[in-house]
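Step one of this worksheet: look at the structure below.
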Number of protein chains: 2
Amino acid sequence: MGHEVLAVVLQVRDHVLSVLLWQRARPPYEGGWALPGGALGVAEGLGPSIRRQLKQKVDVRELTHLEQLETRGAPDRHPLTRVLATAYLGLIPAGVDPLTPEDTRWHPADRLPDMAFDHAELVDSGRRRLRSKLSYTNIGFALAPPVFTLSELTDYYRAALGYEVSATNLQRVLLRRGQIQPTGASAPPGRYGGRPAALYRFRVRELEVTDAFAVLRPPGRIAPQVG
Amino acid sequence: MGHEVLAVVLQVRDHVLSVLLWQRARPPYEGGWALPGGALGVAEGLGPSIRRQLKQKVDVRELTHLEQLETRGAPDRHPLTRVLATAYLGLIPAGVDPLTPEDTRWHPADRLPDMAFDHAELVDSGRRRLRSKLSYTNIGFALAPPVFTLSELTDYYRAALGYEVSATNLQRVLLRRGQIQPTGASAPPGRYGGRPAALYRFRVRELEVTDAFAVLRPPGRIAPQVG
DNA sequence: GATGTTTTCGACTTCTGGTCGAAAACCCAG
DNA sequence: CTGGGTTTTCGACCAGAAGTCGAAAACATC
């Protein structure tokens, strides 16, 4: 009964939420697309293992976030042997384009190719996780480069959420929650001019949960961190 | 490299969030308290396995909710061999008192006894999961009996969340979200009288996510399901 | 300098949740 | 059966968060 680790690596590429896949050259599922990953080493932890495996497909230094997603153990999920799989969700900020091997491609997350094993379900699971965490955590930092304009950030949110997002609301909400702050600088205007956009950065670049959203907050209200 | 499944089974008992534990009779961690669970069968899925294992400690028909929590794979989490563990979160509604074996007891979730392996961390993980899901899902149904008064429901929420909850707010919020609905009947008043409490039930007794809480809701607003 | 483009900001509105206190509906004691 | 105690329920009011809209700001090109 083997155990493997897999990763759903997501990135907003060219306005589209995309997932990193590689094409299998051998059966089973020859020609099918699969998530990066591989067998867990005998004395290896799950987290270290997925980082090691990912190195074969992408530059892991670009990974801004990595968290465990779920473990699949259906006896027939692999047609030949019994393999449990623990899947991780990894995020890469927009803007960078990490080197990848020949067999590896980015695919739009909502139009997957022929997928091997149960990997399509895992991709969906990752998308749902990202979607929901965007609303009650600061996980947006993992989708955005260190510095960005509000239009760009709005675009990352729209791509990840799958629906239109209002830049005005996004700005107000993230500012009030203390997630983003202006750097002071501004970006050069685009091709046809327009007001130069202010540059922002995430105040904290690691996962934090927004404590709002309780049926009833604890009596001693925590003062909201406003700039 | 073995694999086991474990369950953090929670129930509000006598106003206190409690977890089901059994006391180990043999090393390692002799005398320490552990989560129910055991080795995964060779041709057994994870979900079926945890249900099978739980039967040895509690009546699984009382379980109103069961979901995967996380998988632990640190090489040294078991002192003798390598064992991966996939933990589940199980919930039992208040009011029932399932039969349990001699070695098994309910313990307050915030004052755990000497725990075996990494099981204390898993209990905390389960508590956090429950806490957060109480605010953006209807998971309260799994803590409450089929029919309940608002005072009782408030008590379950208070016990699970760890802080005081206002019955007025809870009622308004859950009604507006369409999670609960009055049955029409009312409960008999208590020992010293008092207005008889109206009885409520959860409209749906399986997990549903409340779609509120988006940075920006999708344009076509879903009409809130109000009674 | 006029026009077009993009960003930013403020004003207004709506929705959700928090607080409080009065009224309702019961019990019991005298 | 009347008054006091108890618990639940409900309405009124307020604060805060979010949605919508449009005008103003700051650039470019012609």
Side-chain angles (χ1 to χ4, degrees), chain A residues 134-136 148-155 157-158 161 163-200 210-227, chain B residues 134-136 148-155 157-158 161 163-200 210-227:
Chain A
L134 274 176
S135 47
Y136 67 93
F148 48 86
T149 70
L150 257 174
S151 309
E152 290 161 0
L153 188 63
T154 302
D155 188 57
Y157 271 73
R158 183 200 49 69
L161 289 172
Y163 51 80
E164 290 304 316
V165 171
S166 142
T168 298
N169 285 341
L170 190 64
Q171 179 189 35
R172 183 160 28 92
V173 168
L174 296 189
L175 275 178
R176 174 154 45 194
R177 291 185 184 170
Q179 284 188 23
I180 59 173
Q181 62 188 180
T183 67
S186 36
R191 173 71 187 83
Y192 284 106
R195 176 170 173 168
L199 290 175
Y200 288 82
T210 315
D211 67 85
F213 307 155
V215 178
L216 183 108
R217 281 190 275 277
R221 178 84 175 81
I222 298 140
Q225 299 262 17
V226 183
Chain B
L134 275 177
S135 48
Y136 68 92
F148 48 85
T149 70
L150 258 173
S151 308
E152 290 161 0
L153 188 63
T154 303
D155 188 57
Y157 270 74
R158 183 201 47 70
L161 290 172
Y163 50 80
E164 291 304 316
V165 171
S166 142
T168 299
N169 286 342
L170 190 64
Q171 179 188 36
R172 185 159 26 96
V173 169
L174 296 189
L175 275 178
R176 177 154 41 194
R177 292 184 184 171
Q179 285 188 24
I180 60 173
Q181 62 189 180
T183 67
S186 37
R191 173 71 187 84
Y192 285 105
R195 176 170 175 169
L199 291 175
Y200 288 82
T210 314
D211 68 85
F213 307 154
V215 177
L216 183 108
R217 280 192 274 278
R221 179 86 175 79
I222 298 141
Q225 299 261 18
V226 184

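Lettering of chains follows the sequences in order, A, B, ..., and the numbering in each one begins at 1.
As a whole-Å value, the separation of A:Leu170 CG from D:dT20 C1' is 15 Å. Atom P of nucleotide C:dT7 and atom CD1 of A:Ile180 are separated by 14 Å, given to the nearest angstrom. Between B:Arg195 atom CZ and C:dA24 atom C1' the separation is 4 Å, expressed in whole Å. Here C:dT16 presents its P atom at 13 Å from CG of B:Leu175, a figure rounded to the nearest Å. The nearest whole Å value for the distance from the CG atom in B:Leu199 to the C1' atom in C:dC26 is 15 Å. Per the geometry, OH belonging to B:Tyr136 stands 21 Å off P belonging to D:dA17, to the nearest Å. With rounding to whole Å, A:Arg176 atom CZ is found 14 Å from C:dG10 atom P. Atom-to-atom, CG of A:Leu174 to P of D:dG19 comes out at 11 Å; the value is rounded to the nearest Å.
In this model, a side-chain donor or acceptor of A:Arg172 finds a partner on the base of D:dG19 within 3.5 Å.
Taking every side-chain heavy atom of B:Asn169 into account, C:dT19 is the closest of C:dT19, D:dT20, C:dT6. Closest approach to the A:Pro196 side chain among C:dT8, D:dT8, D:dA26 is made by D:dA26 (side chain taken as heavy atoms from C-beta onward). Of all nucleotides listed (D:dT9, C:dG17, D:dA18), D:dA18 comes nearest to the side chain of A:Arg177.
The two residues B:Pro196 and B:Ala187 come nearest to each other via the heavy atoms CB-O, 3.3 Å.
A side chain to side chain donor-acceptor pair (under 3.5 Å) with A:Tyr200 is found for one member of A:Gln179, A:Gln171, A:Glu152 and no other, namely A:Gln171.
We find the CG-OH distance between B:Asn169 and B:Tyr157 to be 12.5 Å, quoted to the nearest 0.5 Å. Separating the CG atom in B:Leu199 from the CG atom in B:Leu150 is a distance of 10.0 Å, to the nearest 0.5 Å. Interatomic distance, CG of A:Leu134 versus CG of A:Leu161, reported as 5.0 Å (0.5 Å rounding).
Both A:Gln171 and A:Tyr192 sit near DNA chain C, but only A:Tyr192 has its closest nucleotide nearer the 5' end. The 5' end of DNA chain D is approached more closely, in terms of each residue's nearest nucleotide, by B:Thr168 than by the other of A:Pro189 and B:Thr168.
A close approach under 4.0 Å does occur between a side-chain nitrogen or oxygen of B:Ser151 and OP1 or OP2 of D:dT8.
In this structure, B:Ala198 reaches the sugar-phosphate backbone alone: every heavy-atom distance under 4.0 Å involves primed, P, OP1 or OP2 atoms, never a base.
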